[in-house]
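FYI, side chains are in, hydrogens and waters are out, and symmetry mates aren't considered; it's all heavy atoms of this structure.
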Amino acid sequence: MNDQVADFRADRTNLTALAGLDTAPVSLEPYRSQDWFDAEVRQVFKRAWLCLGREERIAAPGDYLVQTLEFARAEVLVTRTKEGRIRAFHNVCSHRSNKVVLERKGNASRFMCRYHNWTYRNDGELVGVPDQKNFFDFDRKSCGLTPVACDIWEGWIFINLQREPEVPLAEFLGAFGEIYRGIPYPNADRSILFESRLKANWKVIADAFAETYHIPAIHPETIGATFASNENPFARPISAQTWGPHRSVSTYGNPEYAPPPGSQVERLFYSNIATGNVLSAASLDDTEVFRRHPAINPTKSASWAVDVTWLFPNFQIDVSPGGFWTHHFWPVSQDETRWEARFYIPDAPDVWSRLQQEHYIARLGEILLEDVGNTERTQEGIASGAKDTMPLQDGEVMIRHSLHNLHKWIEAGTVAEALA
């Protein structure tokens with residue numbers, strides 16, 4: 001692990017240098033080049049372990065979900081067997097390669113392809129073939145659903161599209177996987193999903209959620225006073241950590257933050273709940289054990305707002321005083337992304353709590369629109385060719401670290417080499 005702590009009051013912070021990264025402007029070609037995108041798909045997304053989300057999405061035996069991976073022109077069927085094991089398969093029939101499951105989620109012990117009624121158990125075994133005797137030297141055991149490598153870490157489901165993954169999930173996660181063990185994820189069975197397809201490269205979307213430098217400019221009326229203050233007017237981060245290709249930044253939070261006098265509804269809804277300097281759907285008491293974990297806000301700064309943790313290549317877990325949320329940045333094409341954000345909220349024990357949650361979600365929608373509404377304009381500017389590079393400041397260290405590791409993976413002949 002590489003720990004970096006920033007003094008946001010200094011003339012200039014030093015997170016980039018402490019992370020061992022250079023400070024030169026970075027190329028914009030990774031954001032607009034078709035050749036680069038093709039290399040990312042081949043060398044990164046088809047070799048790395050990819051997080052699909054929480055196992056609570058398929059909590060009961062028979063539960064399943066279907067995850068579309070546009071970059072691979074594939075769909076992955078993830079199931080929970082009657083024994084409780086989570087399995088993953090290509091959603092492709094062994095007969096004529098038709099899609100087997102058409103619903104996005106559900107509960108079923110068996111799946112039937114609607115082309116010729118071939119039937120599979122949810123552990124992938126082929127159990128039914130109409131007119132089987134009319135096939136030639138038919139071997140049913142070899143005709144089950146094609147498995148996809150799948151593993152679980154701390155309740156998070158990961159898959160790997162290599163037929164035989166070069167490294168196990170534990171090795172891929174490395175020190176990050178050890179340091180982040182034991183974090184509770186409250187309300188993981190209950191989430192609000194925001195989803196959109198955006199005409200921008202996946203890194204443009206991911207970068208938008210990887211730095212706080214933009215907050216005073218894009219979010220002055222929503223969260224500007226939350227992540228910036230008179231002592232830190234440019235929302236500089238508190239600290240940063242890197243673990244191989246993975247990274248995290250602890251953002252500054254204004255310790256004096258309170259809803260402004262003009263925000264009457266916000267002041268009313270949060271008058272009976274303590275959420276620190278980030279309004280949320282849960283109180284500080286609800287998440288005290290969560291926040292005590294040594295990996296969260298590692299410097300234990302009183303001026304902390306959020307940990308933005310980016311698992312290579314395209315998944316972020318954000319942790320704040322009020323809970324956690326996630327972002328997936330799924331590449332569709334060189335200039336299109338499917339973005340999914342899930343915010344986890346508790347069951348509302350009373351009407352007042354439900355009103356607070358409704359306000360929280362409505363406020364989130366406004367903030368997220370401010371974030372992603374800028375990304376398509378950014379992509380258009382990148383595609384114009386007017387600029388060849390972008391100068392990144394120290395607070396944008398996660399963007400630089402992401403590009404550094406993408407370069408490394410694209411050039412590496414093996415995953416072990418990419419992780420070294």
**OP:** Give the intermediate values and the outcome of side chain to side chain contact (heavy atoms under 4.5 Å, CB included) for residues Leu69 and Leu161.
**Re:** CA-CA 10 Å; Leu69 304 174; Leu161 294 178; 4.1 Å; yes
**OP:** List the steps and the verdict of side chain to side chain contact (heavy atoms under 4.5 Å, CB included) for Asn122 and Tyr64.
**Re:** CA-CA 9 Å; Asn122 70 352; Tyr64 69 86; over 6 Å; no
**OP:** With side chain to side chain contact (heavy atoms under 4.5 Å, CB included) as the test, would you mind laying out the steps for Ile192 and Phe194 before giving the verdict?
**Re:** CA-CA 7 Å; Ile192 300 294; Phe194 294 85; 4.0 Å; yes
**OP:** Would you please test Arg47 and Glu417 for salt bridge (Lys or Arg N to Asp or Glu O under 4.0 Å) and show each step?
**Re:** CA-CA 12 Å; Arg47 297 199 299 177; Glu417 181 184 342; over 6 Å; no
Original post:
Stepwise, does the side chain to side chain contact (heavy atoms under 4.5 Å, CB included) test hold for Val78 with Ile86?
Top reply: CA-CA 7 Å; Val78 186; Ile86 293 179; 3.7 Å; yes
Subject >> Audit row: Thr81, Asp123, side-chain hydrogen bond (donor to acceptor under 3.5 Å, both in side chains) steps and yes/no >> reply: CA-CA 6 Å; Thr81 67; Asp123 63 1; over 6 Å; no
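Contact check for Tyr115 versus Cys93: no side-chain heavy atoms found under the 4.5 Å cut-off. In this structure, the side chains of Leu28 and Met390 come closer than 4.5 Å at one or more pairs of heavy atoms. With a 4.5 Å cut-off on side-chain heavy atoms, Tyr252 and Thr212 do not count as touching. Between Tyr180 and Glu154 there is no side-chain heavy-atom pair separated by less than 4.5 Å. Here the side chains of Trp325 and Gln316 are not in contact, with every heavy-atom distance at 4.5 Å or above. When side chains are defined from C-beta on, Asp63 counts as touching Asn107, because their heavy atoms get closer than 4.5 Å. Inter-residue side-chain proximity for Asn187 and Phe324 is flagged as unmet; no heavy-atom pair is nearer than 4.5 Å. Residues Pro237 and Glu211 form no side-chain contact, since every pair of their non-hydrogen atoms from C-beta on lies 4.5 Å or further apart.
Aromatic rings of Trp202 and Phe71 (six-membered ring for Trp) have centroids beyond the 6.0 Å cut-off, not under it. Between Phe111 and Tyr120, the ring center distance fails the sub-6.0 Å criterion.
Put simply, the side chain of Ser33 gets close to the backbone of Asp35: a donor and an acceptor are under 3.5 Å apart. Looking only at distances, no side-chain donor or acceptor of His328 sits under 3.5 Å from a matching main-chain atom of Arg342. Under a 3.5 Å cut-off, the side chain of Gln334 and the backbone N or O of Arg32 do form a donor-acceptor pair. The closest donor-acceptor contact from the side chain of Asp394 to the backbone of Thr16 lies under 3.5 Å. Judged by distance alone, with hydrogens and angles left aside, the side-chain atoms of Glu56 form no donor-acceptor pair with the main-chain N or O of Asp189 at under 3.5 Å. Remark: the backbone N or O of Val100 is paired with a side-chain donor or acceptor of Asn91 at under 3.5 angstrom. Judged purely by atom type and a 3.5 angstrom limit, Arg57 uses its side chain to pair as donor or acceptor with the backbone of Leu52. Under the 3.5 Å distance criterion, the side-chain polar atoms of Arg236 are left unmatched by any main-chain donor or acceptor of Gly395. Under the 3.5 Å distance criterion, the side-chain polar atoms of Ser320 are left unmatched by any main-chain donor or acceptor of Ala305. A donor-acceptor pair is defined here as one N or O able to donate and one able to accept, closer than 3.5 Å; such a pair exists between the side chain of Gln357 and the backbone of Pro346.
Relative ring orientation between His327 and Trp339 is described as parallel, the plane-to-plane angle staying below 30° on a 0-90° scale split at 30° and 60°. In this structure, Trp118 and His95 have parallel ring planes: the angle between them is below the 30° cut-off, well short of the 60° mark. Ring geometry for Phe176 versus Trp153: interplanar angle of 30 to 60°, hence tilted.
In this structure, CZ on Arg121 lies 7.0 Å from CZ on Arg110, to the nearest 0.5 angstrom. Here the CZ-CZ distance, from Arg338 to Phe329, works out to 12.5 Å after rounding to the nearest 0.5 Å. Rounded to the nearest 0.5 angstrom, Trp36 CH2 and Ile410 CD1 are separated by 4.0 Å. Annotation: the span from Asp207 atom CG to Leu392 atom CG amounts to 8.0 Å, rounded to 0.5 Å. With rounding to the nearest 0.5 angstrom, the CD atom of Glu358 is 15.0 Å from the CZ atom of Arg363. Atom CD of Gln132 is separated from atom CG of Leu126 by 7.5 Å, given to the nearest 0.5 angstrom.
Of all the heavy atoms in Ser303 and Ile238, the pair that sits closest is O-CD1, 3.0 Å. Pairing each heavy atom of Cys51 with each of Trp156, the nearest pair is SG-CE3, 3.9 Å. For the residue pair Asn160 and Lys46, the shortest heavy atom distance occurs at OD1-O, 4.4 Å. Pairing each heavy atom of Asp335 with each of Gln379, the nearest pair is CB-NE2, 4.3 Å. The minimum heavy-atom distance between Phe45 and Pro313, with the atom names listed, is CE2-CG, 3.7 Å. When all heavy atoms are compared, the tightest approach of Phe209 to Leu368 is CE2-CD2, 3.8 Å.
With a 6.0 Å radius and a threshold of 12 heavy atoms from other residues, nucleotides or ligands, Arg354 has its CZ atom at or below the threshold. A 6.0 Å sphere centred on NZ of Lys99 holds no more than 12 heavy atoms belonging to other residues, nucleotides or ligands. Summarising the local packing, NZ of Lys300 is surrounded by more than 12 heavy atoms from other residues, nucleotides or ligands at distances under 6.0 Å. Within 6.0 Å of CZ on Phe234 lie no more than 12 heavy atoms contributed by other residues, nucleotides or ligands.
At a threshold of 4.0 Å, the pair Glu70-Arg73 does not count as salt-bridged, since none of the basic side-chain nitrogens sits closer than that to a carboxylate oxygen. Between Arg400 and Asp22, at least one side-chain N (NZ, or NE/NH1/NH2) sits under 4.0 Å from a carboxylate O, which counts as a salt bridge. No salt bridge links Arg87 with Glu125; every basic N to acidic carboxylate O contact stays at or beyond 4.0 Å. Using a 4.0 Å cut-off between charged side-chain N and carboxylate O, Arg181 and Glu178 make a salt bridge.
Side-chain contact annotation: Tyr185 with Arg54, donor-acceptor N/O pair under 3.5 Å absent. For the residue pair His219/Asp371, the side-chain donor-acceptor check at 3.5 Å is satisfied. Side-chain atoms of Thr119 and Asn117 form no donor-acceptor pair, as typed in the model, at a separation below 3.5 Å. Using modelled atom types and a 3.5 Å distance limit, the side chains of Thr68 and Arg104 yield a donor-acceptor pair. No side-chain donor-acceptor contact under 3.5 Å links Asn297 and Ser250. With no hydrogens or angles considered, no side-chain donor-acceptor pair links Asp307 and Ser248 at under 3.5 Å. A donor atom on one side chain and an acceptor atom on the other are not found under 3.5 Å apart for Glu370 and Asn374.
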